[in-house]
Amino acid sequence: MLKNINKDNIPEHVAVIMDGNGRWAKKNGLLRTIGHKNGVKSVREVVEASVELGISVLTLFAFSTENWNRPKAEVSALMELLVSALNKELPTFQKNNIQLQTIGETNALPKGCREKLTEIINETSGNTGLKLVLALSYSSKLEIINSIKSIAQKISDKTIKPEDINESLFANELYTSDYPNPDLLIRTSGEYRISNFLLWQIAYAELYFSPKLWPDFTKADFLEAIVEYQNRERRFGKTTEQIKN
Ligand code: IPE
Ligand code: IPE
Ligand code: MG
């Protein structure tokens, strides 16, 4: 599969909505939390593939603001899983030069999670390879509202004028200000929706929907998505002829 990939057209930023852990568990007669545990393997495969391909940023939607409304036991299990996975993966991050970062309202996470995240973010901050960005307690609408609040405050403080507002000033207020916009957005589990993920940032992303449930999603599936991406023509509003020249 790797040989089908054009090394000159690797997406810089890939974002993934990792969906279908619960259905995978149900299908196999297991508890939802076991589904989440089995999803970690898929994370590992996608991260590994991203390192091999030389992708710069991989953003994984791990927990949405809306996911706080799930049963308490499932939320706790997810938080514990996050801590244990981070503990296990630190050596791999170091070996593969991976920098861990987060987007979202991470202040809302339990203390143990916040501390573990801070620790791993600090430990990997000198790494210069793949930026692995976990979206945790993330809501795109909330991110946009917070940006508007911050801009309104700056106007009220007279540090900027309303006419200074443009796309780049706005994008600078988002959690994702340090990253290029996603080139490719993958969602698993056969759902065709965005679920409040990176609404502003995916304005021109290529969308790829896989029928596979997240724990069944492999490196080969990820590479297939990359190949599909490479077969798309990104026109950004222009004509094919303009793109070709
Ligand atoms: C994705 O799997 C993981 C999270 C949202 C945390 P789900 O838990 O949403 O699985 P389904 O969609 O119920 O199958
Ligand atoms: C989106 O999945 C959030 C994550 C993958 C973390 P959900 O399972 O929460 O999305 P909906 O509810 O099906 O839209
Ligand atoms: Mg789901």
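We count residues from 1, following the sequence as given. Everything quoted here is computed from the prediction, not taken from an experiment.
- One distance of note links CG of N28 with CD1 of I34; it measures 11.0 Å at 0.5 Å rounding.
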### Task
Apply side chain to side chain contact (heavy atoms under 4.5 Å, CB included) to the pair I121 and Q101, showing each step before the final yes or no.
CA-CA 6 Å; I121 289 168; Q101 305 190 339; 5.6 Å; no
### Message
R23 vs S189, test: side chain to side chain donor-acceptor pair (under 3.5 Å). Steps then yes/no.
### Response
CA-CA 8 Å; R23 277 164 284 164; S189 88; 3.0 Å; yes
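- Judged purely by distance below 3.5 Å, without hydrogens or angles, the side chains of S64 and N67 pair a donor atom with an acceptor atom.
- Residue I186 is grouped with residue V46 when hydrophobic side chains (ILVMFWY) are merged at heavy-atom distances under 4.5 angstrom, including chains of intermediate members.
- Of the possible polar contacts, one joining the N196 side chain to the K141 backbone as a donor-acceptor pair under 3.5 Å is found.
- A distance-only check finds no donor-acceptor pair linking the side chain of N96 to the backbone of I98 [under 3.5 Å].
- Although no hydrogens or angles enter the test, the distance criterion places no donor-acceptor pair under 3.5 Å between the side chain of R187 and the main chain of I17.
- Under a 4.0 Å N-O distance rule, the pair R44/E48 does not qualify as a salt bridge.
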### Message
Does D183 form a salt bridge (Lys or Arg N to Asp or Glu O under 4.0 Å) with R234? I'd like the steps, not just the answer.
### Response
CA-CA 10 Å; D183 300 295; R234 303 184 76 191; 3.0 Å; yes
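- The main-chain N or O of E123 is found under 3.5 Å from a side-chain atom of Q94 such that the two form a donor-acceptor pair.
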### Full working for side chain to side chain donor-acceptor pair (under 3.5 Å) between S137 and W68
CA-CA 8 Å; S137 192; W68 289 114; 2.8 Å; yes
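- To the nearest 0.5 angstrom, E12 atom CD is 13.0 Å from L184 atom CG.
- In this structure, NZ in K131 is found 11.0 Å from OG1 in T124, a value given to the nearest 0.5 Å.
- Under the 4.0 Å criterion applied to side-chain N and carboxylate O atoms, E228 and R232 are assigned as salt-bridge partners.
- Residue Y179 holds its OH atom at 7.0 Å from CD1 of I103, rounded to the nearest 0.5 Å.
- Under the 3.5 Å distance criterion, the side-chain polar atoms of S42 are matched with a main-chain donor or acceptor of W214.
- Counting heavy atoms of neighbouring residues, nucleotides and ligands inside a 6.0 Å radius, atom NZ of K149 does not exceed 12 of them.
- Defined by atom type and a distance below 3.5 Å, a donor-acceptor pair is present between the side-chain atoms of E233 and T240.
- I202 and Y204 fall into different hydrophobic clusters, where Ile, Leu, Val, Met, Phe, Trp and Tyr residues are linked whenever their side-chain heavy atoms come under 4.5 Å apart, directly or through other members.
- Among F61, F63, Y175, the one residue that satisfies the ring pair (Phe, Tyr, Trp, His ring centres under 6.0 Å) test with F197 is F61.
- Residue L78 holds its CG atom at 10.5 Å from NZ of K37, rounded to the nearest 0.5 Å.
- T176 and Q201 form a side-chain donor-acceptor contact under 3.5 Å, judged by distance and modelled atom types alone.
- Taking a cutoff of 4.0 Å between a charged side-chain nitrogen and a carboxylate oxygen, D19 and R193 do not qualify as a salt bridge.
- Side chain of T188 to backbone of L213: no donor-acceptor contact under 3.5 angstrom is found.
- No more than 12 heavy atoms of other residues, nucleotides or ligands lie within 6.0 Å of OH in Y192, so this atom counts as exposed by the packing criterion.
- A donor-acceptor contact shorter than 3.5 Å links the side chain of N6 to the backbone of D8.
- Ion pairing between a basic and an acidic side chain is recognised when a charged N comes within 4.0 Å of a carboxylate O; E241 and K244 show no such pairing.
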### Message
Assess the residue pair T218 and D221 against the criterion (side chain to side chain donor-acceptor pair (under 3.5 Å)); give the C-alpha distance rounded to whole Å, side-chain angles, the decisive distance to 0.1 Å, and a yes or no.
### Response
CA-CA 5 Å; T218 62; D221 295 316; 3.0 Å; yes
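- Between K161 and E163 there is no salt bridge, since no side-chain N of the basic residue sits under 4.0 Å from a carboxylate O of the acidic one.
- The pair K154-E173 counts as a salt bridge, with a side-chain nitrogen and a carboxylate oxygen less than 4.0 angstrom apart.
- Residues Y138 and E105 have side chains that never bring a donor and an acceptor to within less than 3.5 angstrom of each other.
- Salt bridge status for K212 with E224: absent, with no side-chain N to carboxylate O gap under 4.0 Å.
- In terms of modelled atom types and a separation under 3.5 Å, the side chain of T33 and the main chain of A77 share no donor-acceptor contact.
- No side-chain N or O of N38 forms a donor-acceptor pair with one of W24 less than 3.5 Å apart.
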#### Entry: Verdict with supporting geometry, Q230 and I226, side chain to side chain contact (heavy atoms under 4.5 Å, CB included)
CA-CA 6 Å; Q230 296 189 328; I226 302 294; 4.2 Å; yes
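- The distance from the NE2 atom of H36 to the CD atom of E80 is 12.5 Å, given to the nearest 0.5 Å.
- Remark: the H13 side chain and the T59 side chain contain an N/O donor-acceptor pair separated by less than 3.5 Å.
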